[in-house]
Protein chains: 2
Amino acid sequence: MKEFSARQKEIIRAAIELIAESGIQSVTIKKLSQKIGIAESAIYRHFENKLEILLGILSQFRSSKMEALEYIQAADATEIEQLQMVFSERFKQFTRNPAITAVIFSEEIFQNDKRLADEVYAIMNSSLKMILSIIQRGQQNKSIRSDISADQLSLIIIGALRLLVVRWRLSSFSFDLTKEGEKLWLSIRQMIRA
Amino acid sequence: MKEFSARQKEIIRAAIELIAESGIQSVTIKKLSQKIGIAESAIYRHFENKLEILLGILSQFRSSKMEALEYIQAADATEIEQLQMVFSERFKQFTRNPAITAVIFSEEIFQNDKRLADEVYAIMNSSLKMILSIIQRGQQNKSIRSDISADQLSLIIIGALRLLVVRWRLSSFSFDLTKEGEKLWLSIRQMIRA
DNA sequence: GTTATGTGAGTGAATATTCACAAACAAATA
DNA sequence: TATTTGTTTGTGAATATTCACTCACATAAC
């Protein structure tokens with residue numbers, strides 16, 4: 001896992017904010033340096049080039065997500081409880097850092113570079129695998145319905161979660177994500193229980 | 001509804017392809033003109049500026065989607081059948097024009113301009129409303145379950161549809177979208193039926 | 001005094017857009 | 001019929017601006 005200095009983290013945070021404010025096209029070295037309050041050239045003391053900054057965004061998100069997911073997997077909880085934890089943890093993460101939502105469910109913004117695109121794809125799949133394995137265990141001990149495959153259930157669950165977050169963002173965070181997320185979870189639980 | 005000349009359509013198509021190939025950042029007047037085989041300046045004979053081209057992408061997608069949705073709403077079919085038609089029509093549309101998937105579920109790529117962002121938001125909401133009204137009717141005549149609100153059901157359904165399409169695209173269209181869409185539909189039908 | 005971090009000036013390439021002008025064709029006029 | 005005028009669609013060169021990145025030099029931290 002990559003370690004970032006304080007300044008590096010600051011640059012990454014500024015980049016995320018720029019994306020959230022006005023899209024990937026507004027992430028320029030000039031705007032980054034202005035946002036932080038240093039000279040453009042100073043950015044290059046901390047990152048080799050712009051690509052490394054963008055990779056930094058993804059790397060940081062990946063590790064904070066992994067942390068949350070490992071904590072959940074380690075918890076002594078039923079599968080349904082674990083799924084609920086995935087929901088509430090993700091929503092908590094997004095509420096704490098709303099700008100990241102502009103980045104993480106918008107795979108297309110990183111499509112201009114293969115390394116970026118691959119990393120985004122990997123992040124997406126890691127979530128999917130985690131949810132999938134919880135559901136499979138739940139189906140084995142009959143706490144989750146088995147008439148629909150685990151693949152399909154995880155697609156449906158993650159799809160709903162993503163769409164709720166996207167709508168939250170496109171509405172300029174105009175509703176309470178935690179509350180709506182809780183409502184969504186109750187609906188999903190109702191639909192997947194055995 | 002805006003009418004586009006043959007050349008304008010050609011430019012719009014080229015722009016969509018560029019986005020699909022390597023992201024919004026690769027949509028430059030130079031690349032557009034190269035793809036079409038005319039001079040850069042010739043582009044400006046057909047669009048006032050670059051923004052109008054991007055608006056053209058959205059406008060064209062919106063009208064082709066509206067066409068499909070109106071056709072479905074006019075059809076004499078049960079609510080479940082109508083939902084199935086929404087699924088199959090959308091998937092057919094995407095299979096015919098895969099590049100558009102890089103654009104239409106990636107709201108963030110248009111966030112650098114307010115007009116673009118508003119148009120994207122409107123397109124998303126129009127789908128949602130359509131599905132919502134079908135579900136509400138289905139709940140009234142008890143063909144769709146009522147223990148979960150129509151809002152929640154439509155969020156879940158559209159979320160799954162979107163995610164399937166995004167995965168299809170990120171996997172470089174490596175699976176049969178129509179087939180997987182059909183499977184997804186069967187699962188959803190199973191979950192929402194009264 | 002060495003290393004880490006910062007600065008300001010400068011680079012060439014890329015960017016969207018504008019310009020004067022030309023070829024092809026149609027319509028109006030002689 | 002021959003000539004003038006207008007329109008559409010193109011071109012290539014030029015515009016100002018922005019881009020990521022480099023370099024010589026300064027200052028602060030250890």
Side-chain angles (χ1 to χ4, degrees), chain A residues 2-59 103 108-117 119, chain B residues 2-59 103 108-117 119:
Chain A
K2 220 174 241 171
E3 283 295 324
F4 291 111
S5 71
R7 192 57 117 194
Q8 283 179 318
K9 284 180 192 163
E10 196 177 1
I11 293 170
I12 288 173
R13 193 175 340 117
I16 292 172
E17 279 167 22
L18 280 174
I19 293 175
E21 282 162 24
S22 38
I24 188 76
Q25 293 170 96
S26 69
V27 180
T28 64
I29 301 296
K30 187 177 183 180
K31 286 190 184 152
L32 276 174
S33 63
Q34 283 173 343
K35 201 155 190 127
I36 296 170
I38 57 176
E40 288 180 55
S41 46
I43 300 281
Y44 291 90
R45 292 281 173 213
H46 305 278
F47 285 99
E48 208 175 310
N49 53 43
K50 191 179 160 184
L51 176 62
E52 295 298 323
I53 299 175
L54 299 177
L55 282 170
I57 294 178
L58 297 179
S59 162
V103 174
E108 298 309 325
I109 65 181
F110 293 115
Q111 288 295 319
N112 69 325
D113 180 272
K114 188 156 168 30
R115 279 174 71 195
L116 289 170
E119 177 71 10
Chain B
K2 218 174 245 174
E3 283 294 325
F4 291 110
S5 70
R7 191 58 116 191
Q8 282 178 318
K9 284 181 193 163
E10 196 178 1
I11 293 170
I12 289 173
R13 194 175 339 120
I16 292 173
E17 279 168 21
L18 279 174
I19 294 176
E21 282 163 23
S22 40
I24 188 77
Q25 293 170 97
S26 68
V27 180
T28 64
I29 301 296
K30 188 178 183 179
K31 285 190 185 154
L32 276 174
S33 63
Q34 283 172 345
K35 203 158 187 123
I36 296 171
I38 55 176
E40 291 179 53
S41 46
I43 301 280
Y44 290 91
R45 292 283 171 213
H46 305 279
F47 285 100
E48 209 175 308
N49 52 44
K50 191 179 158 183
L51 176 63
E52 295 297 324
I53 299 175
L54 299 177
L55 281 170
I57 294 178
L58 297 179
S59 162
V103 173
E108 299 308 325
I109 64 180
F110 293 116
Q111 289 296 317
N112 69 324
D113 179 273
K114 191 160 167 23
R115 279 173 73 197
L116 288 171
E119 176 71 10

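We name chains A, B, ... by the order of the sequence lines, and we start the count at 1 in each one. Just so you know, these numbers use all the heavy atoms, side chains as well, and skip hydrogens, waters and symmetry mates.
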Protein-nucleotides 22-30 of chain D N/O pairs under 3.5 Å:
none

Practice task
Determine the minimum heavy-atom distance between Ile57(B) and Ala15(B), stating which atoms define it.
Solution key: CD1-CB, 3.8 Å

Pairs of donor and acceptor atoms involving the side chains of residues 30-39 of chain B, under 3.5 Å and at least two apart or interchain, shall be tabulated with distances.
from, atom 1, to, atom 2, distance (Å)
Ser33(B), OG, Ile29(B), O, 3.2
Ser33(B), OG, Lys30(B), O, 2.7
Lys35(B), NZ, Glu21(B), OE1, 3.2
Lys35(B), NZ, Glu21(B), OE2, 2.5

Exercise for the section: Quickly work out the Phe47(B) CZ to dT9(D) P distance and round it to whole Å. Expected result: 13 Å

Handout entry: Test side-chain hydrogen bond (donor to acceptor under 3.5 Å, both in side chains) applied to Glu108(A) - qualifying residues, sequence neighbours left out
Key = Arg169(B)

Handout entry: Min side-chain heavy-atom separation Phe47(A)-Ile12(A) under 4.5 Å
Key = yes

Practice task
For DNA chain D, determine which residues of residues 21-39 of chain B have any heavy atom closer than 4.0 angstrom to one of its atoms, and list them numerically.
Solution key: Ile38(B), Ala39(B)

Practice task
With sequence neighbours excluded, tell me which residues meet side chain to side chain contact (heavy atoms under 4.5 Å, CB included) with Ala117(B).
Solution key: Gln111(B)

Fill in the blank from the handout: Smallest heavy-atom separation, Phe4(A) atom then Gly56(A) atom, equals CZ-CA, 3.8 Å

Completion exercise
chain B vs DNA chain C, heavy-atom contacts under 4.0 Å, first-to-last nucleotide span, 5' to 3', is dT15(C) to dC21(C)

Practice task
Please tell me if the side chains of Leu54(B) and Ile24(B) come closer than 4.5 Å, counting only heavy atoms from C-beta onward.
Solution key: yes

Practice task
Please work out which residues in residues 5-19 of chain B have a non-hydrogen atom less than 4.0 Å from an atom of DNA chain D and list them by number.
Solution key: Arg7(B)

Practice task
Search all heavy atoms of Leu116(A) against all heavy atoms of Asn112(A) and return the closest pair with its distance.
Solution key: CD1-OD1, 4.2 Å

Problem - Minimum side-chain heavy-atom gap Ile53(A)-Ile43(A) below 4.5 Å - result: yes

Practice task
Starting at atom CD1 of Ile53(A), determine the distance to atom C1' of dA20(D), rounded to an integer number of angstrom.
Solution key: 10 Å

Practice task
Write out all pairs satisfying side chain to side chain donor-acceptor pair (under 3.5 Å) with one or both partners inside residues 37-47 of chain B, taking only residues at least two apart or from two chains.
Solution key: none

Practice task
Could you tell me which residues satisfy side-chain hydrogen bond (donor to acceptor under 3.5 Å, both in side chains) with Ser22(B), sequence neighbours excluded, listed by chain and number?
Solution key: Ser26(B)

Problem - Any pair counted as salt bridge (charged side-chain N to carboxylate O under 4.0 Å, His left out), so long as it reaches residues 6-15 of chain B, sequence neighbours left out - result: Arg7(B)-Glu10(B)

Fill in the blank from the handout: Residues at least two apart in sequence or cross-chain that pass salt bridge (charged side-chain N to carboxylate O under 4.0 Å, His left out) with Glu119(A), listed by chain then number, are Arg62(A)

